[in-house]
Every structure is written in C-alpha cells, then in structure tokens.
Amino acid sequence: MSTGTRTVVRGGLVVTAADEMHADVLIEGGRIAALAAHDSDTAAGWIADTVIDATGKYVIPGGVDGHTHMQMPFGGTTASDTFETGTRAAAWGGTTTIVDFAIQSVGASLRAGLDDWHAKADAQCAVDYGFHMIVADVNDKTLAEMDTLVEEGVTSFKMFMAYPGVFYSDDGQILRAMQRASGNGGLVMMHAENGIAIDVLVQQALAAGRTDPRYHGEVRHALLEAEATHRAIQLARVAGSPLYVVHVSAEQAVAELAAARDLGLPVFGETCPQYLFLSTDNLAEPDFEGAKYVCSTPLRPREHQAALWRGLRTDDLQVVSTDHCPFCFSGQKEMGRGDFSKIPNGMPGVEHRMDLLHQAVVDGQITRRRWIDIACAAPARMFGLYPRKGTIAPGADADVVVYDPHAEQTVSASTHHMNVDYSAYEGRKLTGRVETVLSRGVPVIEGRTFVGRAGHGQYTPRGICQYL
C-alpha cells in the first residue's frame, strides 16, 4: 500500500493519554488526517481505499519503547535480537517506535559509536527507531560532541554508576556531562546502582560459594539502587540539569524520585514490566532457571511491586519501557553456570509490554488512559517525539494499533517472535491482544499476520525532552 492511499479505521474506541472517544480515524499520506464521531456526517462522507473495521476494539497509538538494546555486545556475547528480528517482535506487540542505545567505546568518539549503530539498524527495521547515546568516556572532546548530537536529534545521554571497568562513570564525569546537558537541552539518563560497592559484594559472595543466579539479586542491594538514585539527583541539582532514571526497581529508589519531584525538580523515572510482574522468586528458580531473569537493576522481592504501581498512578514514575536485551538460555545465559557474575545481564520483553500493561488495566492497577500515557505518550514526550508519535491526532504519524481488549492469549516462547529461546512470562494468561498495526499508515501486522518488511522503519531524529 503506497502512502498516497486513504485508510479509514471505523467503529472503534479511540484511546489516547488524554481522551477516550467513539470515533473513526481517517489516514492520508501516512499521517492522521482527521477524527470524527462514528455516526457523524463527516465520517460517513469519508471515501477510502481501505477500511479497517475496529468495532468492539480499541484504536490506540503505536507503543513507544524508549529503552531497547538490539544487537548489543555485553559480557563476551551479543544480545540475540537483531534490529530486524527485534523490531518485528516489537510490531507484533503493538510497539511502532523504539529508541535504542548507541554505545561509545572508551577511547573512541561519540560519533564513531553512533555510526556503528546506524550501520546495524540501517534498512533492517520493521518500525521506526531513534537512538540515545551511551557516554562511556567523558572528556573535553566528547563533551563538545554532545552539543553536536543534540542538534542532530540524539538528545539523550545514558551514563552508568554501575559496571566498573565497562561503562562506569565516576561522580566527576557524571557532573561534567550533566553540566553540558544543562546548557544544550540534552537529557541525562542514569543507570543508578552503586557499582563500586556492588563489586565488593559480588566478590564476597563468590568467595563464600554463593554462585547461583539468586545471589545476583542479593548483591545488587535495593539500598545501593536508592543511594545511587539519591546521588544522581543531587549531582543533577548541582549541575542544573534534568535527570531520567532508567529501570527503577526498588521501593526506596521510587521514594528518592518522589521526594525530588515534591521539591519541583525535573527528575523522571521509568520502570519495566519485569519489575511489575516478576520477582526474586523467579531468580531463585532451581536448576539454574533463575539465570533467565538476571538483569540489572535486578528483580526485587514482590513487596516492591506495590510501590512501583503506586508510582505509576501518582506520576512519580512516568514511563514503562522494556530494557529489552535478550540472551538465549542455551549457550548465553549458561556462561554463568557456577558464577552468577558471568550471566549476561538482560531479559527479552519488547513484544509483551503493551499486553502486560493492558492486563494491569484489566486487573485495576491503572486506567486505560494511563496505559496509553506510560506506554506511548509519556515516552514520546520524554524523548522529543511528541505529537508525531504517541497519540492519535491530526498531523500525527499514522502509527495506529487496533487492539482487541477481550482476546485471550498465553505467553510462550513457542509462539513469541523475539529471537530468544525462552519467555520470561512463559504460561502467563493475558487478556488483550494486538490485531492490526499500521506504521505511518502502512500495515505491518494485519489480522495477526506479519505483512511488514525490514527497511520500512525509518530513523527518527528527536527533539529535546518536552517535560522541561
């Protein structure tokens, strides 16, 4: 279907972060052209090449996953999803935009890292994509490069208080990068865990023979997430910069963010489905099965979940992304048998975020509009993509999902589309499922069939954070 055609999505309940309305949606030239009430003369007068019947279904904006790691090298191996397989899986789950992380190597330029990631993604993606920049080496040259990248539409920079010897930055480096961001409009994203202290606990655990996956969660103590979150907030205050804390998992870290927001500070937080639905019970699964659930920040005891849901309801947490970073159990996760510190950190999830969060609507944890806010609109605003992405409104890209809120599905590695040999949610029954997905007006999923192609997805430069 060429973008010159007209499509009408008829009969559905349009749900955005702001509104719910029984409306038909007119799509023209890859954009939303108009919305009109079902029974209106306006809607009745629309003539289209293609009519999609959404009766009894939701019509929602395509999901925006602001945190993925396709083809990412880590711990001597590489994430198992390529940009091709990963974006196809995203589409199956109703996500039509990802923002992935380009990585600067220590000693190299930001530009070289960005170029590497462009080369991986170019002509491979089924849906649209952008990049954040991981800053691993702060110096005068890379600080100057940050300005250039912001101008080009790479407007967020991730830093790590974790992983000494790999991505770790000390407080001085973090402060300098934050000062630069405060002047150029960039947003600093922080992996907030005290990696120096964690490394001590890792060595002590291994020396004492505590080598199973469950100890990954124990050494990465919730208080060391909270301490690093607190420290990141204070550094951002000193620098006068905004701060976005990635993959918040601990109740004490949520409390630090809430306290900062109560002071009116531009501090934001995301969490991920694994922290909302899984726990240390999974890490403790026998026969090394717990390795499937090793990610950082780690899964927490289930009592932390209530604080995360509450944070999403009160807007102390604004975004749910996946931190999708899949490693196969066979041959990749198994590298850590006998030493949990050698298990590649990361979990698959890009395909199931929208459905898991819809289940939270069914369960009464969040409202329908809040579902769309945390999964579509807020990430689009946070990363300078709104209103082109994240909503259904005239002028927006026609990234549109027809969603069946009554369909039932059972999540399984045997039926998912991610290139990984296990599911973190194996056997879980969910209510709600994607039926049709349009990316810029072009069908990618049609009646539960993939009709997209590698290369349809376009690189999307981003504006600066729209919450500032």
Peer 1: Salt bridge check, Asp399 against Arg440: does any charged N sit closer than 4.0 Å to a carboxylate O?
Peer 2: no
Peer 1: Is the side chain of Ser40 donor-acceptor paired with the backbone N or O of Ala36 at a distance under 3.5 Å, no angle test?
Peer 2: no
Peer 1: For Arg353, check salt bridge (charged side-chain N to carboxylate O under 4.0 Å, His left out) against everything at least two apart and list the hits.
Peer 2: none
Peer 1: Could you grab the distance from atom CG of Asp137 to atom CG of Leu143, nearest 0.5 Å is fine?
Peer 2: 10.0 Å
Peer 1: Side chains of Asp355 and Gln409: any donor to acceptor distance under 3.5 Å?
Peer 2: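 Side-chain D/A pair, Gln409 to Asp355: present.
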Peer 1: Can a donor-acceptor pair be found, under 3.5 Å and without considering hydrogens, that links the side chain of Gln179 to the backbone of Val238?
Peer 2: no
Peer 1: Heavy atoms only: give me the nearest Val106-Ala136 pair and the separation to one decimal.
Peer 2: CG2-O, 3.8 Å
Peer 1: Is it the case that His247 and Glu270 place a side-chain donor and acceptor less than 3.5 Å from each other?
Peer 2: no
Peer 1: Considering only heavy atoms from C-beta outward, does the side chain of Gln274 approach that of Tyr293 to under 4.5 Å?
Peer 2: no
Peer 1: Counting distance only, does the side-chain N/O of Gln305 pair as donor-acceptor with the main-chain N or O of Leu278 below 3.5 Å?
Peer 2: yes
Peer 1: Using distance alone, with no hydrogens and no angle criterion, decide if Thr436 and Glu446 have a side-chain donor and acceptor under 3.5 Å apart.
Peer 2: no
Peer 1: Between Pro348 and Met418, is there a side-chain heavy-atom distance shorter than 4.5 Å?
Peer 2: yes
Peer 1: Just so I know, are the side chains of Met133 and Ser156 near enough to count as touching, which here means a heavy-atom distance under 4.5 Å?
Peer 2: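 No, their side chains stay 4.5 Å or more apart.
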Peer 1: Between Thr16 and Ala18 (side chain of the first, backbone of the second, donor and acceptor by atom type, cut-off under 3.5 Å), is there such a pair?
Peer 2: yes
Peer 1: Within 45° of the ring axis of Phe277 and under 6.0 Å from its six-membered ring centre, is that where the NZ or CZ of Arg428 lies?
Peer 2: no
Peer 1: With Gln252, which residues qualify under side chain to side chain contact (heavy atoms under 4.5 Å, CB included), at least two apart?
Peer 2: Ala222, Leu223, Ala226, Ala250, His304
Peer 1: Which residues pass the ring-ring contact (aromatic ring centres under 6.0 Å, His included) test with Tyr403, sequence neighbours left out?
Peer 2: His358, Trp371
Peer 1: Could you tell me which non-hydrogen atom of Pro61 sits nearest to which non-hydrogen atom of Cys376, and how far apart they are?
Peer 2: O-SG, 3.6 Å
Peer 1: Provide the closest heavy-atom pair for Ala48 versus Val8 in the form atom of the first, atom of the second, distance.
Peer 2: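 Scanning both residues completely, I find the closest heavy atoms to be CB-CG2, 3.5 Å.
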Peer 1: If the threshold is 4.0 Å, N to carboxylate O, is there a salt bridge linking Arg220 and Glu225?
Peer 2: no
Peer 1: Are the side chains of Leu356 and Leu276 in touch, meaning some heavy atoms are under 4.5 Å apart?
Peer 2: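 Heavy-atom side-chain distance check fails, nothing below 4.5 Å.
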Peer 1: For Tyr459, what residues pass the ring-ring contact (aromatic ring centres under 6.0 Å, His included) criterion, not counting sequence neighbours?
Peer 2: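 His118, Tyr129, Phe131.
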Peer 1: If you count every heavy atom of other residues, nucleotides or ligands that lies below 6.0 Å from Asp41 atom CG, does the total exceed 12?
Peer 2: no
Peer 1: Would the distance check show the side chain of Ser105 and the main-chain N or O of Ala108 forming a donor-acceptor pair, the cut-off being under 3.5 Å?
Peer 2: no
Peer 1: Under 3.5 Å, is there a donor-acceptor pair linking the side chains of Asn345 and Ser296?
Peer 2: yes
Peer 1: Provide the closest heavy-atom pair for Val246 versus Met189 in the form atom of the first, atom of the second, distance.
Peer 2: CG1-CE, 3.9 Å
Peer 1: Determine whether Gln173 and Arg176 make a side-chain contact, defined as any pair of heavy atoms from C-beta on separated by less than 4.5 Å.
Peer 2: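 Side-chain contact under 4.5 Å: no.
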Peer 1: Is any side-chain N of the basic residue among Glu84 and Arg88 closer than 4.0 Å to the acidic one's carboxylate O?
Peer 2: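 Looking at Arg88 together with Glu84, the answer is yes, because their closest N to O distance falls below 4.0 Å.
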Peer 1: Any chance the side chains of Asp100 and Thr68 put a donor and an acceptor closer than 3.5 Å?
Peer 2: yes
Peer 1: Is the closest side-chain donor-acceptor distance between Gln71 and Thr82 under 3.5 Å?
Peer 2: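 Per modelled atom types, Gln71 and Thr82 side chains form no pair under 3.5 Å.
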Peer 1: Does Thr431 reach the main-chain N or O of His406 with its side chain, forming a donor-acceptor pair under 3.5 Å?
Peer 2: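 Looks like no, no N/O pair under 3.5 Å.
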Peer 1: Got a second to check how far Ser169's OG is from His191's NE2, nearest 0.5 Å?
Peer 2: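 Separation between the atoms: 12.0 Å.
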Peer 1: State whether Asp128 and Lys389 are salt-bridged, where the test is any N-O pair (Lys NZ or Arg NE/NH1/NH2 against Asp/Glu carboxylate O) under 4.0 Å.
Peer 2: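 Yes.
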Peer 1: Looking at side-chain heavy atoms only, is the closest gap between Leu299 and Ser279 below 4.5 Å?
Peer 2: no
Peer 1: With salt bridge (Lys or Arg N to Asp or Glu O under 4.0 Å) as the criterion, how do Glu435 and Arg448 come out once you've worked through the C-alpha distance, each side chain's angles and the decisive distance to 0.1 Å?
Peer 2: CA-CA 5 Å; Glu435 190 172 279; Arg448 301 294 304 156; over 6 Å; no
Peer 1: Using the six-membered ring wherever Trp is involved, compare the ring planes of Phe160 and Tyr163 and label them parallel, tilted or perpendicular (cut-offs 30° and 60°).
Peer 2: tilted
Peer 1: So, does Thr87 use its side chain to make a donor-acceptor pair with the main chain of Phe83 at under 3.5 Å?
Peer 2: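 It does hold such a pair.
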Peer 1: Between Ser439 and His456, which heavy-atom pair has the shortest distance, and what is it?
Peer 2: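 What the structure gives for the nearest pair is OG-NE2, 2.8 Å.
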Peer 1: Checking the side chain of Asp81 only, and the main-chain atoms of Cys325 only, is there a donor and an acceptor separated by less than 3.5 Å?
Peer 2: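 Absent.
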Peer 1: Taking Phe383 as the fixed residue, which of Phe157, Tyr244, Phe101 is the one that meets the ring pair (Phe, Tyr, Trp, His ring centres under 6.0 Å) rule?
Peer 2: Tyr244
Peer 1: Taking the basic N atoms (NZ, or NE/NH1/NH2) and the acidic carboxylate oxygens, is any pair closer than 4.0 Å for Arg433 and Asp404?
Peer 2: no
Peer 1: Measure the spacing between CG of Asp373 and CZ of Arg368 and express it to the nearest 0.5 Å.
Peer 2: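 Output value for this atom pair is 15.0 Å.
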Peer 1: So which heavy atom on Phe450 is nearest to which on Ala126, and how close?
Peer 2: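 Of all heavy-atom pairs spanning Phe450 and Ala126, the closest is CZ-CB, 4.1 Å.
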Peer 1: So, do His38 and His22 sit near enough that their side-chain heavy atoms are less than 4.5 Å apart?
Peer 2: yes
Peer 1: State plainly whether the residues Glu152 and Arg111 are in salt-bridge range, i.e. N to O under 4.0 Å.
Peer 2: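 Judged by the 4.0 Å cut-off on N to carboxylate O distance, Glu152 and Arg111 do form a salt bridge.
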Peer 1: Determine, using ring centers only, whether His69 and His324 are less than 6.0 Å apart.
Peer 2: no
Peer 1: Are the side chains of Val319 and Ile374 in contact, using a 4.5 Å heavy-atom criterion?
Peer 2: no
Peer 1: Would you say the side-chain atoms of Thr229 pair up with the backbone N or O of Ala253, donor to acceptor, closer than 3.5 Å?
Peer 2: no
Peer 1: Does one side chain, of Ser412 or Ser414, offer a donor that lies under 3.5 Å from an acceptor on the other?
Peer 2: yes
Peer 1: Applying side chain to side chain contact (heavy atoms under 4.5 Å, CB included), can you list everything that pairs with Ser423, at least two apart in sequence or on another chain?
Peer 2: Val411, Ala413, His416, Tyr425, Glu426
Peer 1: Is there a donor-acceptor contact under 3.5 Å linking the side chains of Gln359 and Asp363?
Peer 2: yes
Peer 1: Step through the shown structure and confirm whether more than 12 heavy atoms of other residues, nucleotides or ligands are within 6.0 Å of CD1 on Ile47.
Peer 2: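 No, not enclosed.
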Peer 1: In terms of side-chain heavy atoms, does Asn419 have a donor or acceptor partner in Ser80 at a distance below 3.5 Å?
Peer 2: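 The answer is no; no qualifying pair exists.
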Peer 1: Mind checking salt bridge (charged side-chain N to carboxylate O under 4.0 Å, His left out) for Asp24 and listing every partner two or more places apart, or none if nothing turns up?
Peer 2: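 Arg10.
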Peer 1: Is the closest side-chain donor-acceptor distance between Ser249 and Thr297 under 3.5 Å?
Peer 2: yes
Peer 1: Can you measure from OG1 (Thr271) to CD (Gln318) and round to the nearest 0.5 angstrom?
Peer 2: 11.5 Å
Peer 1: Does the side chain of Gln234 come under 3.5 Å of the side chain of Arg231 through a donor N or O and an acceptor N or O?
Peer 2: no
Peer 1: Among Val51, Asp49, Thr50, which residue satisfies the side chain to side chain contact (heavy atoms under 4.5 Å, CB included) criterion with Arg6?
Peer 2: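 It is Asp49; the other options fail the test.
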